[in-house]
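Order of the sequence lines sets the chain letters (A, B, ...), proteins ahead of strands, with each chain counted from 1.
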There are 2 protein chains.
Amino acid sequence: MQRFFDSIYRVGNEARAALQEIIRERTYSKNEIIQEIGSRCRTVYMVKSGAARIFYYKEGNDITEHFAFENEVIVRAESLFTGKPTAKGIQAIDDTVMVVIDSVKLFQLYDEYHDLERLFRLIFEREYVNTLKRIENFQFKSARERYLELVDSPNLIQKVPLKYIASYLGITQVSLSRIRSSLQD
Amino acid sequence: MQRFFDSIYRVGNEARAALQEIIRERTYSKNEIIQEIGSRCRTVYMVKSGAARIFYYKEGNDITEHFAFENEVIVRAESLFTGKPTAKGIQAIDDTVMVVIDSVKLFQLYDEYHDLERLFRLIFEREYVNTLKRIENFQFKSARERYLELVDSPNLIQKVPLKYIASYLGITQVSLSRIRSSLQD
DNA sequence: TTGATTTTTTATCATTTGTTAATTTTTTTC
DNA sequence: GAAAAAAATTAACAAATGATAAAAAATCAA
């Protein structure tokens with residue numbers, strides 16, 4: 001995990017030690033709710049092993065907004081960055097080990113360690129860029145095209161139930177099933 | 001504009017002066033290309049008056065990815081944050097006055113002025129949150145629902161040609177026309 | 001202003017996706 | 001390992017959106 005951070009931005013030794021102080025590790029079992037719907041996001045998670053998703057309910061339907069796999073950061077950004085509660089939750093898709101960072105403490109450290117603010121700025125900029133790519137996918141790609149792109153990420157296709165993938169793609173499970181069968185496999 | 005910055009985060013006097021040094025203003029006429037498709041984004045714009053859009057071509061079709069109006073920041077983030085060229089461009093929708101910030105210089109100032117890094121971190125975090133909201137709109141809202149949400153932003157509906165709005169919503173212009181007429185107006 | 005160009009609307013038909021319900025397959029639990 | 005529960009598929013029909021073409025309306029430029 002330190003390697004992951006370093007690959008983005010190497011912080012000084014003091015900053016590294018300070019960050020280490022507020023990091024802990026936690027294990028979640030498959031399907032466990034990591035953060036409840038309706039709560040505030042005051043935690044930055046990084047998936048050490050396993051997988052997790054951000055989800056919410058729309059008219060009774062469970063919708064997956066985001067997946068995170070090994071070495072990926074997962075936060076409910078619309079809450080983390082605004083301080084407001086969010087209608088989204090985080091759930092373990094698999095037995096999952098998380099690196100857990102208290103965001104309140106982290107943001108305090110930003111004042112003291114410019115380095116840390118930069119590291120996490122860069123981390124979240126990446127997330128932002130990924131989100132923009134997702135917008136492109138929704139704008140004028142068919143569900144079939146969107147699915148075909150996902151098929152290339154083995155992590156996702158292997159680990160994640162199709163019902164989660166369907167809502168992630170913005171279609172029903174039935175629709176996804178139809179698309180898959182039309183790909184003669 | 002200083003007021004806009006201050007509303008997000010008040011930087012110290014030195015930082016403010018340093019930022020002022022790298023800011024200039026520029027006027028674009030309606031439809032003028034502000035940044036060419038295929039170029040790198042090395043500029044942060046803020047709309048002082050007028051409006052602009054980010055657009056690209058998909059299979060020959062002009063697609064609007066983003067709108068920006070008064071006091072909004074507009075950047076091609078997937079390039080600004082990665083250094084890579086982007087297939088997207090920026091165009092003035094109206095006669096537009098832009099506040100123009102050289103991002104290379106800005107990022108250099110980050111090293112010297114922690115304050116400035118924070119200010120722009122907060123600015124782009126907001127953009128990130130907006131982008132997430134847009135994902136929600138694409139996931140399981142119908143084109144009609146997405147349009148109805150837009151109708152509430154008078155800026156957009158008044159200033160922007162419907163063809164731009166259509167692609168922004170991820171539908172064809174014909175479809176948008178149909179939706180509008182079904183709203184008996 | 002007027003003619004040309006661009007934008008928007010309308011109509012028709014094709015395709016994609018949604019909805020509902022039933023069935024099959026897979027996974028979980030005891 | 002068998003029963004129960006959950007997930008995935010299939011089918012049939014409905015609704016939304018796309019594609020194309022033509023007409024109407026609005027905007028632009030000389």
A.B. asks: Could you give the CZ-to-P distance, from A:Arg180 to D:dA7, as a whole number of Å?
C.D. replies: 15 Å
A.B. asks: Expressed in angstrom and rounded to an integer, what is the separation of A:Arg146 atom CZ from C:dT17 atom P?
C.D. replies: 7 Å
A.B. asks: Any side-chain donor-acceptor pair under 3.5 Å between A:Thr43 and A:Gln35?
C.D. replies: yes
A.B. asks: Where the side chain of B:Lys163 is defined as all heavy atoms beyond and including C-beta, which of C:dT7, C:dT17, C:dT10 is the nearest nucleotide?
C.D. replies: C:dT7
A.B. asks: Grab the CG-P distance between A:Leu176 and C:dT19 for me, whole Å please.
C.D. replies: 15 Å
A.B. asks: Would B:Arg121 count as a cation-pi partner of B:Tyr110, with NZ or CZ less than 6.0 Å from the six-membered ring centre and within 45° of the ring normal?
C.D. replies: no
A.B. asks: Would you indicate what B:Thr172 reaches in the nucleic acid, counting non-hydrogen atoms under 4.0 angstrom: base, sugar-phosphate, or nothing?
C.D. replies: sugar-phosphate
A.B. asks: Rounded to the nearest Å, what distance is computed from the OH atom of residue A:Tyr147 to the C1' atom of nucleotide D:dT9?
C.D. replies: 13 Å
A.B. asks: Which residue lies toward the 5' end of DNA chain D, B:Lys30 or B:Ser142, if each is placed at its nearest nucleotide?
C.D. replies: B:Ser142
A.B. asks: In whole angstrom, give the distance that lies between atom OH of A:Tyr164 and atom C1' of D:dA8.
C.D. replies: 14 Å
A.B. asks: Please pick, from C:dG18, C:dT10, D:dA8, the nucleotide with the shortest atom-to-atom distance to any side-chain atom of B:Ser181.
C.D. replies: C:dT10
A.B. asks: Has A:Glu145 got a side-chain atom pairing as donor or acceptor with A:Ser142's backbone, closer than 3.5 angstrom?
C.D. replies: yes
A.B. asks: Looking only at side-chain atoms of B:Val174, point me to the closest of C:dT17, D:dA21, D:dT17.
C.D. replies: D:dA21
A.B. asks: Write down the distance between NZ (A:Lys141) and C1' (D:dG18), rounded to a whole number of angstrom.
C.D. replies: 18 Å
A.B. asks: Report the residue (A:Phe140 or A:Arg178) whose heavy-atom-nearest nucleotide on DNA chain D is the more 5′ of the two.
C.D. replies: A:Arg178
A.B. asks: For A:Ile179 and D:dA8, what is the distance between atoms CD1 and P respectively, to the nearest whole Å?
C.D. replies: 15 Å
A.B. asks: Judged by each residue's nearest nucleotide on DNA chain C, which is more toward the 5′ side, A:Ile171 or B:Val160?
C.D. replies: B:Val160
A.B. asks: A:Ser175 side chain: which of C:dG18, D:dG18, D:dT9 is closest?
C.D. replies: C:dG18
A.B. asks: Just how far, in rounded Å, is C1' of C:dG18 from CD of A:Glu59?
C.D. replies: 13 Å
A.B. asks: So, is the end of the B:Arg180 side chain (NZ or CZ) under 6.0 Å from the ring centre of B:Tyr147 and within 45° of the ring's axis?
C.D. replies: no
A.B. asks: Taking the six-membered ring of B:Phe5 as reference, does the cationic atom of B:Arg16 (NZ for Lys, CZ for Arg) lie under 6.0 Å from its centre and within 45° of its axis?
C.D. replies: no
